[in-house]
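Scope of the values below: all heavy atoms of this structure, side chains included, with no hydrogens, waters or symmetry mates. Quick caveat: nothing in here was measured; it's all calculated off a predicted structure. Proteins get letters first, then strands, A, B, ... in listed order; numbering begins at 1 in each.
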Protein chains: 2
Amino acid sequence: MTLAARADAATRHARDDGRVPTPDSAALRAHTAIRAAILDGTHRPGEMLSENELAQALGMSRTPVRSALTRLQDEGWITIYPKRGALVRALSDREIAELADARLILEAMGVQRASAEVRRALADRLEPQLDAQRRALLARDLDGFVTLTIAFHRSFVEAAGNAVLAEIADRLTDRQRLLLSAHRETLFERVEETVAEHRSLIERLRADDPAGFAAALRGHLMDTHGPELGPV
Amino acid sequence: MTLAARADAATRHARDDGRVPTPDSAALRAHTAIRAAILDGTHRPGEMLSENELAQALGMSRTPVRSALTRLQDEGWITIYPKRGALVRALSDREIAELADARLILEAMGVQRASAEVRRALADRLEPQLDAQRRALLARDLDGFVTLTIAFHRSFVEAAGNAVLAEIADRLTDRQRLLLSAHRETLFERVEETVAEHRSLIERLRADDPAGFAAALRGHLMDTHGPELGPV
DNA sequence: AGGATACAACTTGTATCCAAGCAGAGGATG
DNA sequence: CATCCTCTGCTTGGATACAAGTTGTATCCT
């Protein structure tokens, strides 16, 4: 039986290195390219994506483009209307608020679940990153700052030690990149405030005060993403 | 510009009915069929799925099967190894525990976020369902009970009024169907206990006791899914 | 016999081709 | 002038053909 043998081999391989070795397939390139184009504003919400145009622009056939589009739909970036096309989704105010709220829940819960030791270790690990964040902001290096702040916030979820939760948080964060890009000016204007808010989060960790952490986090998210969050 | 017009039309349409009109495409049929086959044990973890065989069995070409497989991978059912094949994933003990824990967090948080009124209304709405659950279990109607219990637990997440969270919970629940099927015998043996645990959850809602709800829910999940949950 | 190597049979990934469907333009008709 | 209808041009959905990769096996050499 050939299939069984192959299954064994694949299972073994999966055990060896837990990740797919990245084949750099055309479908993946299409996925990252289109996603990047949405993120940097090349394709704006409400725009209709044509498989043909994308395929031509990317120098490949429609097949991998289609594959990428379905994935992008599953990830919430676009909506595919059968036989009509793919529409770049706009995040409604409500959805923005819900995203931020969901992240708030996951991060606060991550910290709450962690032990006092983990919390303190986390604080020690995060504090040195604050300077890098400030530098990125001052240099108006948006991509750099986004990377840093995403890792920063991800740490809180990771503290719970639950990979499933971390994966969920990643998906949410991904959609939120859009927001960070949109609020770039606000970010650059509020350098010290942002860093100070991050610092106060760390302080709540040190003080072993999960409730205070959650409250501070709520304030931080509202300050960053604006008052449109509203009472969720 | 034609694309703009089409985008407008699609946007209008999307506003009309918030959901895609279900085109019953071959890709969707493949998705549901393969997913069902994994759920009912036809394709077991460790098995290698061949696009050719699936396409032949489903009476369609490889194209929609491929599309279905990529979606199934994104949903966590299989792992695709490039140029080698698709392996039905096995849920490790750790992953099982993490899934249950993540659901616990989302449900408990949903209840905690809800107002006292919503909690009471929820209790009133859920209590009449308990009888149906018992009947399904006594009739050994696993599918019926699974549908009921999933709706039951989903209600707690919904209580927070956050659609993003609800969607996340749905994805988790989907993977957990596998567990419920695996534990069918335990379920059928613990009919009264299961219903009683559900009833005590409702009581905690009525008592306006979110903390007690979370504790009861934790106990319930451990009882249902077994002690392998461990201390997450 | 043991090990490296070449081959063969399978797999998936991509390109191309054909069919089906929707949206809009434009004219015929009341 | 309003309304309906057809028809055209576009789109996506699916099927097929082909290219590229991987694995297991047989073979050859040491």
Side-chain angles (χ1 to χ4, degrees), chain A residues 1-14 16-17 20-34 43 46-73 78-88, chain B residues 1-14 16-17 20-34 47-73 78-88:
Chain A
M1 193 185 197
T2 316
L3 281 183
R6 297 185 58 238
D8 280 353
T11 306
R12 227 179 306 120
H13 180 267
D16 288 346
D17 57 4
V20 183
T22 311
D24 188 35
S25 68
L28 273 184
R29 276 184 298 144
H31 175 81
T32 58
I34 298 172
H43 296 306
E47 184 180 345
M48 212 75 183
L49 299 181
S50 158
E51 290 181 4
N52 265 320
E53 289 179 14
L54 291 171
Q56 201 164 1
L58 294 168
M60 59 182 69
S61 95
R62 272 179 49 216
T63 308
V65 172
R66 281 200 51 169
S67 167
L69 287 181
T70 62
R71 275 192 58 189
L72 287 168
Q73 170 172 248
I78 64 177
T79 303
I80 296 178
Y81 293 94
K83 301 275 189 185
R84 288 204 276 163
L87 185 75
V88 180
Chain B
M1 194 182 198
T2 318
L3 281 184
R6 296 185 58 239
D8 281 354
T11 305
R12 229 179 305 117
H13 181 268
D16 288 347
D17 57 3
V20 182
T22 311
D24 188 35
S25 67
L28 273 184
R29 275 184 299 143
H31 175 82
T32 57
I34 299 172
E47 184 179 345
M48 213 78 183
L49 300 180
S50 157
E51 291 181 2
N52 265 320
E53 288 179 15
L54 291 171
Q56 201 164 1
L58 294 168
M60 60 181 70
S61 96
R62 271 180 50 214
T63 308
V65 171
R66 250 186 94 71
S67 167
L69 287 181
T70 62
R71 276 192 57 189
L72 287 168
Q73 171 172 247
I78 63 178
T79 303
I80 296 179
Y81 293 94
K83 299 276 188 184
R84 289 204 276 161
L87 184 75
V88 180

One should read off an interatomic distance between A/H31 NE2 and A/S67 OG, to the nearest 0.5 angstrom, of 9.5 Å
Nearest-0.5 Å distance that lies between atom CD in B/Q56 and atom OG in B/S61: 12.0 Å
Would you name the heavy atoms of A/M60 and A/A26 that are closest together and state the gap between them? CE-O, 3.6 Å
Here the pair of heavy atoms bringing A/V65 nearest to A/A30 is CA-CB, 4.4 Å
Kindly indicate, with the supporting measurements, whether the criterion side chain to side chain contact (heavy atoms under 4.5 Å, CB included) is fulfilled by A/R71 and B/R71. CA-CA 7 Å; A/R71 275 192 58 189; B/R71 276 192 57 189; over 6 Å; no
Could you run down the sub-3.5 Å N/O contacts of the protein with nucleotides 5-8 of chain C?
none

Nucleotide nearest A/K83 (side chain, heavy atoms from C-beta), chosen from C/dA20, D/dT11, D/dG14: C/dA20
A/N52 has a side chain; which of C/dA15, C/dT11, D/dT11 sits nearest to it? D/dT11
Report the distance from atom [atom1] of [X] to atom [atom2] of [N], rounded to the nearest whole Å.
X	N	atom1	atom2	result
A/I80	D/dT11	CD1	P	15 Å
A/E51	D/dG14	CD	P	11 Å
A/Q56	D/dT12	CD	P	13 Å
B/L54	C/dT11	CG	C1'	13 Å
B/L87	D/dT22	CG	P	17 Å
A/L49	D/dC10	CG	P	18 Å
A/L58	C/dT14	CG	P	12 Å

Does B/S25 place a side-chain N or O at less than 4.0 Å from the phosphate oxygens OP1/OP2 of D/dG13? no
Once you apply a heavy-atom cut-off of 4.0 Å, does A/A27 come out as touching a base, just sugar-phosphate, or nothing? sugar-phosphate
Can you list, by residue number, the residues of residues 61-71 of chain A that have a non-hydrogen atom closer than 4.0 angstrom to DNA chain C? A/S61, A/T63, A/P64
Chi angles and distances behind the side chain to side chain contact (heavy atoms under 4.5 Å, CB included) call for A/L54, A/L69: CA-CA 10 Å; A/L54 291 171; A/L69 287 181; 4.2 Å; yes
Run the side chain to side chain contact (heavy atoms under 4.5 Å, CB included) test on B/L87 and B/E47 for me, step by step, so that the C-alpha distance in whole Å, both residues' side-chain angles and the decisive distance to 0.1 Å come before the verdict. CA-CA 6 Å; B/L87 184 75; B/E47 184 179 345; over 6 Å; no
Assess whether side chain to side chain contact (heavy atoms under 4.5 Å, CB included) is satisfied between B/R29 and B/L58, documenting all intermediate values. CA-CA 9 Å; B/R29 275 184 299 143; B/L58 294 168; over 6 Å; no
Counting only N and O atoms by type, is there a donor-acceptor contact under 3.5 Å from the side chain of B/Q73 to the main-chain atoms of B/I80? yes
